[in-house]
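Input: a single structure, listed below in structure tokens.
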Amino acid sequence: MTEPRAAQRGKGWSAGRNSSQWSRFDYKEVGKGRETAFQPAFESSANLAMAEGRVQSLHYSIGLLGIASGSLLLAVYSYSFTSPAPLIPSTTLGVLLFVISALLAYAGVQKSLRSAPLFKSLCLTISVLWCSYGVIHILAGQGVLNGIDDFRNAVVPGLATFTLGLLIIGVVGILQRELILAMVASCISLACAHEIAMLYNTAFGSSAVACNYMIVCFIVGYFAVGRGLYFLSKEKITLPGTDLAKSKTNEQVQANGANTNDLAVIGLILNMLSASVFGCRLLGVTSNLFVGQVPWLWAAGIYQIGVCIFSYRALDTLAATFFGFTSVLKFAGGYSLLYRIWQQDEPVFPVPFLVVFAILFAVLGLFITIKSLVDGLYLLFYVAYCIALACRPHGFFEGGPQGVDVAIFVASALMALIYQYNMKASAKIPTGEGTVQALLSRSSHLKLREGKDLHAPYLGYSKYADAEVLGFACSVLASFAITMTVDPRAPLATIVIPWVVVAGGILKLLCGSVAFARGKTLESSAFILYGVMWIIWGLARYGGLYGTSRGFQVAVGIIALMLVNCFIVFCTLFLSISWFIYSLTFLLILISFLLDAVNAIPAGYDIAVTIIFGLASFYCFLSALFNSTFEGSHFPVGRPIMKLSGTGGGSTKCLHLPARKASSVKQIAEIMKNGGACGIPTDTVYVLVAACNRPDAVEKAYKTKRQAQDRPMSLWISSLKQLEPTKHLFNPMLWEFMAAAWPSPISLVVPRGKWVDFLGMKDSAKYVGTSQSIAIRIPDCSVTTHLIDLVGPIAVTSANPTGEADTTHHNQVYAKLGDKVDAVLCDGPSPENIASTVVDCTKIESGNIGFFRVGIVPKSQVLQILEQVQRKHMQGHTNGSIAMAGQKKQQHLSHAISNGIHAASPEESTLTSFTNSVFSADEEGAKL
């Protein structure tokens with residue numbers, strides 16, 4: 001038995017994406033006749049647009065309501081602060097603030113708020129404040145902090161930081177006319193300042209603190225009322241300051257113009273926080289450094305790792321590397337304050353590590369100077385900081401390092417002000433941006449890498465920048481951190497764990513995850529393996545878990561990791577010389593761990609291999625940094641030592657031609673005219689195409705990707721002129737809809753008819769579409785449409801075997817399909833990682849459309865196009881009916897006059913009454 005027509009149409013189309021995810025028929029009827037054809041579509045698009053607006057404002061409202069909730073808690077706590085029995089116990093307050101801080105962090109990192117950088121800065125800044133403040137209250141509630149003096153020493157450094165940080169956000173908010181956000185930031189800033197005064201002078205009282213927090217609650221309440229009236233009145237009533245869409249268009253244009261790093265301000269405020277903890281001790285604001293200040297430092301380190309991740313998302317490799325470096329310093333500072341719990345002596349820092357850290361900061365500062373002079377000068381403070389630590393390796397970051405901390409606090413505050421103001425200001429504060437670039441443009445040796453391929457992934461589609469710079473730098477830090485000899489009976493006497501576990505472990509795992517997202521499977525495997533190894537060995541060897549015991553159990557675990565690394569070393573033979581040396585020298589590190597486990601390590605062997613691995617990692621760091629910034633190979637990584645023959649290596653029969661050259665497109669066209677099947681880029685993902693007038697090529701393309709019977713190919717054209725000879729075979733409304741919808745990532749499933757024979761596919765037509773319908777599209781890609789102009793209509797299918805993921809890079813086309821592809825037009829990563837929207841138009845003559853799959857183009861946009869077409873079509877139909885009625889009237893009157901009879905027809909009666917009503921209205925208007 002044959003399938004019903006609806007079931008056949010629901011099988012899906014193969015153009016762009018594996019249809020296993022959208023083969024379910026999501027049919028939606030739009031309209032029930034010509035009289036109401038456009039009305040349901042209009043209502044659906046309006047509802048969808050309203051829903052999108054609500055989603056965008058939802059996170060904004062969540063953030064402000066979270067701020068109000070925390071402010072209310074702190075107001076109640078402050079009123080009862082001096083009483084013997086507070087209304088809210090410290091532990092309870094700490095837990096609630098910690099939960100609210102997580103809610104604010106969620107609201108601050110949402111994509112829907114990328115056009116509201118000030119709000120994101122406010123949410124995340126308060127999130128860090130209340131997260132750390134909540135943990136300190138938990139410590140106080142559990143008796144870790146003894147008395148008001150410990151509590152004051154614990155909270156004052158953080159409150160001082162956020163007094164200034166929130167004041168900066170408030171001032172920028174006033175300058176940018178974000179009054180509600182400015183008032184909220186200013187009030188919480190004043191609350192922090194008043195709390196500092198209250199802790200140093202009890203006569204000051206806690207009423208001022210509570211009043212500031214209550215003002216915040218009233219401001220947010222006003223905002224909540226305004227948003228409620230806005231939605232209840234259907235956008236008719238808007239209170240001043242609560243209209244989020246007022247300047248939305250301009251903000252979105254600015255946000256979409258460049259990939260700005262919105263969270264850089266948060267990273268700078270976190271640098272202020274860590275510097276304040278140690279700087280307050282130098283200035284005498286606090287009397288000692290102890291465990292109560294650790295929450296500020298570790299919260300800053302955790303949030304700074306988050307800033308590092310989002311900096312990669314903003315395609316800012318240098319900023320991500322810098323924030324990764326500073327997060328290591330924050331964890332190390334917190335660890336040193338915990339030191340007195342298990343050791344009475346002062347901690348010792350490995351000097352070689354600090355010297356190497358200063359060198360890494362200096363090299364990174366040179367490259368950041370290319371972006372901005374002010375940013376490069378800012379990094380010099382951290383170079384001086386590492387040198388100061390190396391000059392005084394004993395102690396708790398005291399002496400010279402604390403003096404540099406004060407300088408870092410001031411510099412970070414100025415940088416945060418500049419960054420926050422420049423994000424939305426039209427007249428920006430000059431930072432020397434582009435100065436060094438202008439000088440380098442005159443050089444013939446150093447040419448900056450620019451354009452769309454600057455952050456292009458090796459394979460696949462990725463929204464993250466490359467993290468190899470940070471990955472190799474972490475290897476340098478971890479290797480030089482273990483060059484210092486440690487007494488196995490007192491391993492905690494030397495501060496090694498933060499450098500090895502955080503830098504070599506946690507950040508290395510982060511780099512491995514980013515590398516995997518960019519299609520670098522081998523590199524990601526290496527980074528993740530080495531990160532796991534540094535964490536295990538750092539905690540076991542330098543955390544006291546290992547001790548003086550030596551045994552077979554530890555050796556077995558190390559041997560297992562060595563076997564995995566041997567496989568990675570073998571694979572790097574096919575990658576590059578630098579990666580081979582990098583993985584091979586890490587194998588030497590594992591051998592030293594194994595010899596130490598069996599107590600048979602030669603004297604000086606571990607120091608030697610760690611230095612060798614550190615130098616190899618440093619070269620890879622420089623190579624990744626130079627090659628990602630400048631064109632050419634200033635620090636070459638080397639070619640693969642070995643190459644495989646066949647698919648993936650060696651010489652191939654498949655041509656790889658650059659899409660940017662017109663000659664390449666012409667060459668691909670000649671191959672297709674001669675019966676070839678080629679992989680080409682589009683406005684979505686890569687596809688496999690064949691010329692329709694070459695039936696043998698269509699059949700070859702169908703069989704090349706092992707196409708399933710329920711995954712038919714689709715048809716692409718470059719213009720409706722290519723189907724002009726068959727226009728009379730299409731429904732007029734369908735033709736108008738196609739003209740209005742294309743070019744775009746919208747595939748229209750239309751009824752199959754005799755017009756298909758015009759394409760010249762002959763017997764191969766059975767591979768394109770189903771027996772009832774066929775999908776057509778005009779891609780919104782100049783390269784693709786130019787190719788179709790040269791070849792004619794093409795049959796299209798996704799460039800991957802059935803059942804596999806989409807192909808999002810030209811390297812994947814040959815990797816997946818091999819020599820069965822005659823040529824590949826190379827254009828790097830695809831602009832999208834999702835396919836086109838597939839719309840069922842087989843019932844469009846009755847005003848109905850359906851959606852097989854919603855891809856890049858949302859339903860609302862498709863429905864808006866349909867609404868316009870249907871309205872235009874109805875207007876044409878109405879005008880045609882009136883004209884036809886006029887012609888019939890004239891004929892009837894002529895016939896009546898010739899017979900001497902004046903009998904009106906029904907059409908005449910209707911037209912006459914319509915005309916009379918118009919004339920009568922005109923006459924009434926004339927009388928008035």
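Owing to the predicted nature of the structure, the values given are computational and were not obtained by experimental measurement. Just the heavy atoms: all of them, side chains too, but no hydrogens, waters or symmetry mates, feed the values below.
Between the side chains of Thr842 and Asp840, at least one donor N or O sits under 3.5 Å from an acceptor N or O. If you check the side chains of Ser773 and Thr770, you find a donor sitting under 3.5 Å from an acceptor. Using modelled atom types, one finds a donor on one side chain and an acceptor on the other under 3.5 Å when comparing Asn261 with Ser311. Using modelled atom types, one finds a donor on one side chain and an acceptor on the other under 3.5 Å when comparing Ser836 with Ser747.
Between the side chain of Ser623 and the main chain of Cys620, no donor-acceptor pair closer than 3.5 Å is present. A donor-acceptor contact shorter than 3.5 Å links the side chain of Ser578 to the backbone of Val637. The closest donor-acceptor contact from the side chain of Arg639 to the backbone of Ser576 lies at 3.5 Å or more, if one exists at all. Glu867 places no side-chain N or O within donor-acceptor distance of the main-chain N or O of Leu863, the cut-off being under 3.5 Å. Listed for the Trp755 side chain is no donor-acceptor partner under 3.5 Å among the backbone atoms of Leu759. When atom types are taken as modelled, the side chain of Thr682 and the backbone of Val685 share a donor-acceptor pair closer than 3.5 angstrom. Under a 3.5 Å cut-off, the side chain of Arg752 and the backbone N or O of Ser771 do not form any donor-acceptor pair.
Here the shortest heavy-atom pairing between His809 and Thr807 reads O-CG2, 3.4 Å. Ile717 and Gln722 make their closest contact through CB-OE1, 3.2 Å (heavy atoms, listed as atom of the first residue, atom of the second, distance). Of all heavy-atom pairs between Pro779 and Pro743, the closest is O-CB, 3.6 Å. Residues Ala795 and Cys692 share a closest heavy-atom pair of N-SG, 3.6 Å. Smallest separation of non-hydrogen atoms from Lys816 and Ala799: CD-O, 4.2 Å. When all heavy atoms are compared, the tightest approach of Ala701 to Leu688 is O-CD2, 3.8 Å.
Note: Lys727 NZ to Leu729 CG = 12.5 Å, rounded to the nearest 0.5 Å. Atom CD1 of Ile309 is separated from atom CG of Leu263 by 11.0 Å, given to the nearest 0.5 angstrom. A distance of 11.0 Å separates CG of Leu315 from CG of Asp466, quoted to the nearest 0.5 Å. Separation of atoms CG (Asp316) and OG1 (Thr321) is listed at 9.0 Å; rounding is to 0.5 Å. Atoms OG and CE, from Ser798 and Met713 in turn, are 9.5 Å apart once rounded to the nearest 0.5 Å. For the atom pair Met642 CE and Cys571 SG, the distance stands at 11.0 Å (nearest 0.5 Å).
Under the 4.5 Å side-chain criterion, counting only non-hydrogen atoms from C-beta, Val756 is in contact with Met761. In this structure, Glu631 and Lys447 have side chains that are in contact, with non-hydrogen atoms separated by less than 4.5 Å. Side-chain contact between Tyr702 and Val768 is absent, with no heavy atoms from C-beta onward closer than 4.5 Å. Here the side chains of Leu318 and Leu625 are in contact, with some heavy-atom distance below 4.5 Å. Residues Phe737 and Leu748 are in side-chain contact: their nearest non-hydrogen atoms beyond the backbone lie under 4.5 Å apart. Side chains of Ser714 and Val838 form no contact here, defined as non-hydrogen atoms less than 4.5 Å apart. With contacts defined as side-chain heavy-atom distances shorter than 4.5 Å, the pair Leu448/Gln437 qualifies. Using a 4.5 Å heavy-atom cutoff, the side chains of Tyr686 and Asp806 are not in contact.
Comment: Asp757 does not engage Lys762 in a salt bridge, judged by the lack of any side-chain N to carboxylate O separation of less than 4.0 angstrom. Ion pairing of Arg777 with Asp683 is present here, as a side-chain N (NZ or NE/NH1/NH2) and a carboxylate O approach within less than 4.0 Å. Electrostatic pairing of Lys666 and Glu670 does not count as a salt bridge here, judged by no charged N lying under 4.0 Å from a carboxylate O.
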Using a 3.5 Å cut-off and no angle test, enumerate the donor-acceptor pairs between side-chain atoms of residues 782-792 and protein atoms at least two apart in sequence or in another chain.
from	atom 1	to	atom 2	distance (Å)
Thr784	OG1	Pro681	O	2.7
Thr785	OG1	Cys781	O	3.0
Thr785	OG1	Ser782	O	3.1
Asp789	OD1	Ser718	OG	2.5

> Step by step, would you call Ile778 with Trp716 a side-chain contact (heavy atoms from CB on, under 4.5 Å)?
Replying inline: CA-CA 6 Å; Ile778 298 180; Trp716 284 12; over 6 Å; no
* Please report the C-alpha distance between Leu723 and Phe730 in whole Å, then the side-chain angles of each, then the deciding distance to 0.1 Å, and finally whether the side-chain contact (heavy atoms from CB on, under 4.5 Å) criterion is met. => CA-CA 10 Å; Leu723 296 179; Phe730 286 87; 4.3 Å; yes
task: Begin with the C-alpha distance, continue with both residues' side-chain angles, and end with the deciding distance and a verdict on side-chain contact (heavy atoms from CB on, under 4.5 Å) for Ile774 and Leu715.
output: CA-CA 7 Å; Ile774 187 171; Leu715 174 68; 4.3 Å; yes
query: Could you walk me through whether Trp579 and Glu468 pass the side-chain contact (heavy atoms from CB on, under 4.5 Å) check?
result: CA-CA 11 Å; Trp579 261 98; Glu468 283 193 357; 4.0 Å; yes
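When the options Ile671, Asp822, Val824 are evaluated for a side-chain contact (heavy atoms from CB on, under 4.5 Å) with Leu655, the one that passes is Ile671.
Using cut-offs of 30° and 60° for the angle between ring planes, the Phe367 and Phe626 rings count as perpendicular.
The aromatic ring centres of Tyr464 and Phe516 sit 6.0 Å or more apart.
The number of heavy-atom neighbours closer than 6.0 Å to CD of Glu433, taken from other residues, nucleotides and ligands shown, is 12 or below.
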